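Below: the structure, in structure tokens.
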Protein chains: 2
Amino acid sequence: MSKTLLPPKRSRLEDVARQAGVSAQTVSRVLRKPGLVAEATRQRVQSVIDRLGYLPDLVASNLATSSTRMVAAIIPSLASSVFADTMQALSATLATNGYQLLIGDSNYSPEHEDELVQAMLGRRPDAIVLTGTSRSKKVRALLARAGVPVVETWNLTANPIDLCVGFSNHAAGFDIARYIFRRGYRRVAFIGRLRNDPRSEDRLRGFREGLRGHGMSSVRVIEVGDPASPEVGAAGIDELLRRYPDADAVFFGSDRLAIGGLLACVRRGIAVPERLAIVGFGDFEISSLTMPSLTTIAVPTWEIGSITGELVLARLAGREIPERIVDLGYRFIQRESA
Amino acid sequence: MSKTLLPPKRSRLEDVARQAGVSAQTVSRVLRKPGLVAEATRQRVQSVIDRLGYLPDLVASNLATSSTRMVAAIIPSLASSVFADTMQALSATLATNGYQLLIGDSNYSPEHEDELVQAMLGRRPDAIVLTGTSRSKKVRALLARAGVPVVETWNLTANPIDLCVGFSNHAAGFDIARYIFRRGYRRVAFIGRLRNDPRSEDRLRGFREGLRGHGMSSVRVIEVGDPASPEVGAAGIDELLRRYPDADAVFFGSDRLAIGGLLACVRRGIAVPERLAIVGFGDFEISSLTMPSLTTIAVPTWEIGSITGELVLARLAGREIPERIVDLGYRFIQRESA
DNA sequence: TTGAAAGCGGTACCAC
DNA sequence: GTGGTACCGCTTTCAA
């Protein structure tokens, strides 16, 4: 029952032109700069356009103008709500100027990320947005030479390829360490992903440094794999209690894990924070609603997307960019779990 | 400090050709059908390609071949985890054959969806994936004439434009009504979004019909607006208890709302399911972890994406499609909340 | 096995 | 205001 797809030969600029008795040039003007066309002509052409249901071929237009009005974005995972928020904000901001998003999902794999960047570059996007900083020398060189704005997001770098919008994961980890110390916890753990997640790694590094500053040298680390789901967080709690039954506080690399860990504690009757304090990262939408509610770090997911979009638009419009590195900060949110 | 972007004049096929002492055609062949080129020539050309860091311009290639290897997808919201899962599966499936995803976010607005479809069509995608069924006559006609595969997902229709992959929201609502009736609940409510969310509407319609079949004619309906967050679900519970204090069971249009409602009950000391039973929709990842855990409907989010991807690939490869409508069904998951 | 020429469907530039 | 013409960078067709 599959229908035969003989090309329905869509109409072109020239078809419209012929039927309207004008040149292709004029039709093009009607579409792009109607002001330059006599009103009578304009109407005649427009009516043919409507009748034929003519849709300009942007591929051809892109080739001629060497601008695609597409922005390529590469993210570790589409199915992660935090990045999805950023992408939605980015998409909304870009849409106000007719730019569209080409999204590539690297699935947290660096090699795949490299391939993706190449594939994307071939499509000649007007700008490129990366999540995190690309670590491959080759790709960085490629991007630098691409001649389009490049925004690295989510993680601040001292040496961005071009632009950078985000916050310091390291500083956030550091702050959490200080908070945990002040609250009197001394046998501290970290549960989170490390391999292939540089942002999470940075948090742990900052956390470690913060603790060391208070004379606490050891962190009980439990590394979890993909995906960082609540189930995995719950399993992390079990492993923690088995391997380090003395732990009195745990910092989860993300709220997604932390919520799972928190709910596991509730189920198992482990008092939070009395027996075990929990701190998350990311302030997910249910983190304020659980009982106990989750102490965590709120991250400007939406703003990263919208500011990135604005920077891209500014660049593309030839406007001056005051700061190449935009630190949006984060907020520590003290709730009940720690 | 904005750097000057004088076009770094990327190298073209012809540049490579000249430097390798061959014609542009030969370079093109090296890239696309290396088998047709003498090995010595191939190596010489390849080394020039590497040295120049030549990347083929896909825009030009697309124009020449009239195929973009892009699939356009239009979804109500990027920031919704369910659609994000579907998109990730779709993206992964398409990526195996070098297709890329152009994602547009309609923000749950039908008018915006229409515009998006038009904008997308101009980019000449090789296929189009819609979430839900487009209701605008004009757009349906446009899509039907576009000459590319169109897959409507998430909601089954009797009359798809082309292909359709999903499940019946109506049937799911119907089943939930029966379950609720059998468990002995008689003063039933619905909390969810309706305007601009045809899928949720369908669930309520099925729910209503199911109840009517058991002689229960009235449903206490509380409509919520954007976004359907857990906070909104919690507020919904408060409104429900105020307006319909007699309600003994509530069906939430989505787990995102239901989780919020459930946690609100826990906080307020309302016994679930004894005082108020709760049924959700969508089986989110934490729905099995709350206490009580959430009774809900599991929806094949991932499969919708992967099957859609396979159908698209089949169509584009000219393979026969056995069924134009693919019903992936859903699973009722009984847990503790109802 | 390789190359020359004619598109693909628009837009830029320059006359009229 | 409007039209002619030369591209944009690649692929396809056909000859050599």
Side-chain angles (χ1 to χ4, degrees), chain A residues 7-46 48-49 52-70 98 121-126 146-147, chain B residues 7-46 48-49 52-70 119 121-126 146-147:
Chain A
K9 216 43 185 169
R10 57 200 329 151
S11 36
R12 297 158 309 148
L13 207 51
E14 207 193 302
D15 301 327
V16 177
R18 198 166 341 103
Q19 296 210 25
V22 295
S23 74
Q25 210 27 246
T26 302
V27 180
S28 176
R29 284 196 194 99
V30 168
L31 259 17
R32 330 186 86 241
K33 358 190 106 170
L36 298 183
V37 179
E39 181 58 16
T41 325
R42 201 193 61 68
Q43 291 193 8
R44 187 153 37 90
V45 171
Q46 186 61 54
V48 177
I49 289 178
L52 261 46
Y54 168 72
L55 262 184
D57 185 330
L58 295 183
V59 176
S61 169
N62 292 340
L63 179 59
T65 58
S66 63
S67 153
T68 54
R69 292 190 96 73
M70 288 199 311
L121 279 175
R123 295 190 181 277
R124 302 284 181 269
D126 287 352
Chain B
K9 213 46 180 168
R10 56 196 331 149
S11 37
R12 298 158 308 149
L13 208 51
E14 208 193 301
D15 302 327
V16 177
R18 199 166 341 101
Q19 296 209 26
V22 297
S23 75
Q25 310 333 314
T26 303
V27 180
S28 175
R29 285 194 193 100
V30 168
L31 259 18
R32 329 190 87 241
K33 4 191 100 168
L36 297 183
V37 179
E39 180 58 16
T41 325
R42 201 193 61 68
Q43 291 194 8
R44 187 154 36 92
V45 171
Q46 186 61 54
V48 176
I49 289 179
L52 260 47
Y54 169 70
L55 262 184
D57 186 329
L58 295 182
V59 176
S61 169
N62 292 340
L63 179 58
T65 59
S66 63
S67 152
T68 53
R69 292 190 95 74
M70 288 199 311
L121 279 175
R123 295 191 180 277
R124 301 285 181 268
D126 287 352

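Note that the structure is predicted; figures quoted are calculated from it, not measured. First the proteins, then the strands, lettered A, B, ... as listed; each starts at 1.
Expressed to the nearest 0.5 Å, how far CD of B:Gln25 lies from CG of B:Leu36 amounts to 12.5 Å. With rounding to the nearest 0.5 angstrom, the OG1 atom of B:Thr41 is 12.5 Å from the CD atom of B:Gln46. Here the straight-line distance linking atom CZ of B:Arg124 with atom CG of A:Leu55 works out to 6.5 Å at 0.5 Å rounding. With values rounded to the nearest 0.5 angstrom, B:Asp126 atom CG is found 8.5 Å from B:Ser66 atom OG. Taking CE from B:Met70 and CE from A:Met70, the interatomic distance works out to 5.0 Å, rounded to the nearest 0.5 Å.
Of all heavy-atom pairs spanning B:Ile49 and B:Val30, the tightest one is CD1-CG1, 4.5 Å. Considering all non-hydrogen atoms of both residues, B:Ala146 and A:Arg10 come closest at O-NH1, 4.0 Å.
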Distances for protein N/O vs nucleotides 8-12 of chain C N/O pairs under 3.5 angstrom?
from, atom 1, to, atom 2, distance (Å)
C:dC8, O2, B:Ala64, N, 3.4
C:dG9, N2, A:Ala60, O, 3.3
C:dG10, OP1, A:Tyr54, OH, 2.9
C:dG10, OP2, A:Leu13, N, 2.9
C:dG10, O5', A:Tyr54, OH, 3.1
C:dT11, OP1, A:Arg32, NE, 2.6
C:dT11, OP2, A:Ser28, OG, 2.5
C:dA12, N6, A:Gln25, NE2, 2.0

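The local environment of CD in A:Glu14 is sparse, with at most 12 non-hydrogen atoms from other residues, nucleotides or ligands closer than 6.0 Å.
In this view, A:Arg69 satisfies the side-chain hydrogen bond (donor to acceptor under 3.5 Å, both in side chains) rule with no residue, not counting sequence neighbours. For A:Thr26, the side-chain hydrogen bond (donor to acceptor under 3.5 Å, both in side chains) test picks out A:Ser23, with sequence neighbours left out.
Bounding nucleotides for the chain B contact on DNA chain D, 5' to 3', at a heavy-atom distance below 4.0 Å, are D:dG9 to D:dT12.
Relative to the axis of its first five pairs, the axis of the last five pairs of the helix from C:dT1-D:dA16 to C:dC16-D:dG1 sits at 30°, rounded to 10 degrees.
Residues from residues 37-46 of chain B lying near DNA chain D, meaning a heavy-atom separation below 4.0 Å, are absent.
Of the possible polar contacts, none joining the A:Ser28 side chain to the A:Ala24 backbone as a donor-acceptor pair under 3.5 Å is found.
For the residue pair A:Asn62 and A:Thr68, no side-chain donor N or O sits within less than 3.5 Å of a side-chain acceptor on the partner.
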